[in-house]
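Take a look at the structure below.
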Amino acid sequence: MSPLPVPTGLQQLITARVRSVPDYPTPGVVFRDITPLLSDGTAFSAVVGHLADTFGGEVDTVAGVEARGFLLAAPLAAVLGCSLVAVRKAGKLPPPVLRTNYHLEYGEASIELSEGAVAAGARVAVLDDVLATGGTAAATCELLERAGATVTGLGFLIELAALRGREQLIGRVVHPLVSY
Ligand SMILES: O=P(O)(O)OC[C@H]1O[C@H](OP(=O)(O)OP(=O)(O)O)[C@H](O)[C@@H]1O
Ligand SMILES: Nc1ncnc2[nH]cnc12
């Protein structure tokens, strides 16, 4: 698939509604807070609409990464009429699960996927708010592929380009709506 160009007006809407918080959650990190965007129904609807235009007809399932990825994946799955899969932080899903460990910009974590949550052969869009180092997204792809799914593409509200997350996603379709 080839992602649609993001209209300049939509990019401006997003950047105007993402709050940058220095030194959170640890010194040196600039945290990109999407809650002002979520508070603006028009902007949020435009974001989901663009993602639907991008992934519509190309996927059977939308996978959201806990927690902020759920906020994008759930409305997208509903608009597309696709199934929704939750990729969760370790310990939140009942067994049996597939699990993997990964590194974050500000720590380490493990994520899990319920066995049987995604159909073998399903075409999946992975959704998250931020692509930073790419550890979360790469780990999510690994879990989905271990489950037998195909990752058609990954959608992000924000790419933090300096953290070079795309290097973890070489060969994949990566579609951020804005890049910082
Ligand atoms: O590209 P990476 O370096 O892996 O970072 C990106 C991930 O970090 C954030 O999640 P976080 O783990 O902070 O969890 P949250 O959504 O529950 O706040 C963000 O929502 C992405 O999932
Ligand atoms: N700087 C950042 N802001 C928001 N979410 C993040 N996830 C990883 N890095 C982040």
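Throughout, numbering of the chain's residues begins at 1 and tracks the sequence. Note that ligands are numbered from 1 as they come in the structure, with each ligand's atoms numbered from 1 the same way.
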At less than 4.0 angstrom from any non-hydrogen atom of [X], what atoms of ligand 1 do you find?
{"X": "Thr136", "value": "2 (P), 4 (O), 5 (O), 6 (C), 7 (C), 22 (O)"}
{"X": "Asp128", "value": "20 (O), 21 (C), 22 (O)"}
{"X": "Thr133", "value": "1 (O), 2 (P), 3 (O), 4 (O)"}
{"X": "Leu104", "value": "4 (O), 5 (O), 7 (C), 8 (O), 12 (O)"}
{"X": "Val130", "value": "6 (C), 21 (C)"}

Side-chain donor-acceptor contact under 3.5 Å, Ser20 with Arg32: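 The criterion, which ignores hydrogens and geometry beyond distance, is satisfied for Arg32 and Ser20.
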Test applied, side-chain contact (heavy atoms from CB on, under 4.5 Å); reference residue, Leu131; option that passes from Leu154, Leu169, Leu157: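 When Leu154, Leu169, Leu157 are each tested with Leu131, the side-chain contact (heavy atoms from CB on, under 4.5 Å) holds only for Leu169.
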ILVMFWY network linking Leu37 to Tyr180, side-chain heavy atoms under 4.5 angstrom: yes
Arg172 with Glu145: basic N within carboxylate O range, under 4.0 Å: yes
Residue-ligand contact Gln168/ligand 1, heavy atom below 4.0 Å: no
Residue-ligand contact Gly134/ligand 1, heavy atom below 4.0 Å: yes
Side-chain donor-acceptor pairs of residues 8-16 under 3.5 Å, sequence neighbours excluded:
unit_1: Gln11; atom_1: NE2; unit_2: Leu177; atom_2: O; d: 3.0
unit_1: Thr15; atom_1: OG1; unit_2: Gln11; atom_2: O; d: 3.1
unit_1: Thr15; atom_1: OG1; unit_2: Gln12; atom_2: O; d: 3.2

Short N or O distance, Tyr102 and ligand 1, threshold 3.5 Å exclusive: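 No - when backbone and side-chain N and O of Tyr102 are compared with those of ligand 1, no distance drops under 3.5 Å.
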Under 3.5 Å: N/O of Ala132 near N/O of ligand 1: yes
Derivation of the side chain to side chain donor-acceptor pair (under 3.5 Å) call for Thr152 and Glu58: CA-CA 7 Å; Thr152 303; Glu58 305 276 352; over 6 Å; no
Ligand 2 contact on Val30 by region, counting heavy-atom pairs under 4.0 Å: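 It is the backbone that gets close, since no side chain atom is under 4.0 Å.
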Min N/O separation Asp129 to ligand 2 under 3.5 Å: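 Asp129 vs ligand 2: no N/O contact under 3.5 Å.
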Pairwise side-chain contact, Asp60 with Cys82, heavy-atom cut-off 4.5 Å (strictly under): no
Close side-chain approach of Leu4 to His50, heavy-atom, < 4.5 Å: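 In short, these two side chains touch, coming nearer than 4.5 Å.
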For residues 87-96, please give each side-chain donor-acceptor pair under 3.5 Å, one per line with the distance, not counting sequence neighbours.
unit_1: Arg88; atom_1: NE; unit_2: Glu66; atom_2: OE1; d: 2.9
unit_1: Arg88; atom_1: NH2; unit_2: Glu66; atom_2: OE2; d: 3.0
unit_1: Lys89; atom_1: NZ; unit_2: Glu66; atom_2: O; d: 3.3

Residue Ala132 vicinity, atoms of ligand 2 by number, heavy atom under 4.0 Å: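 Under 4.0 Å from Ala132, ligand 2 has these atoms: 8 (C), 9 (N).
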Under 4.0 Å to a heavy atom of Arg68 - the qualifying atoms of ligand 2, by number: 4 (C), 5 (N)
Side chain, backbone, both or neither: the part of Glu66 lying under 4.0 Å from ligand 1 by heavy atom: backbone
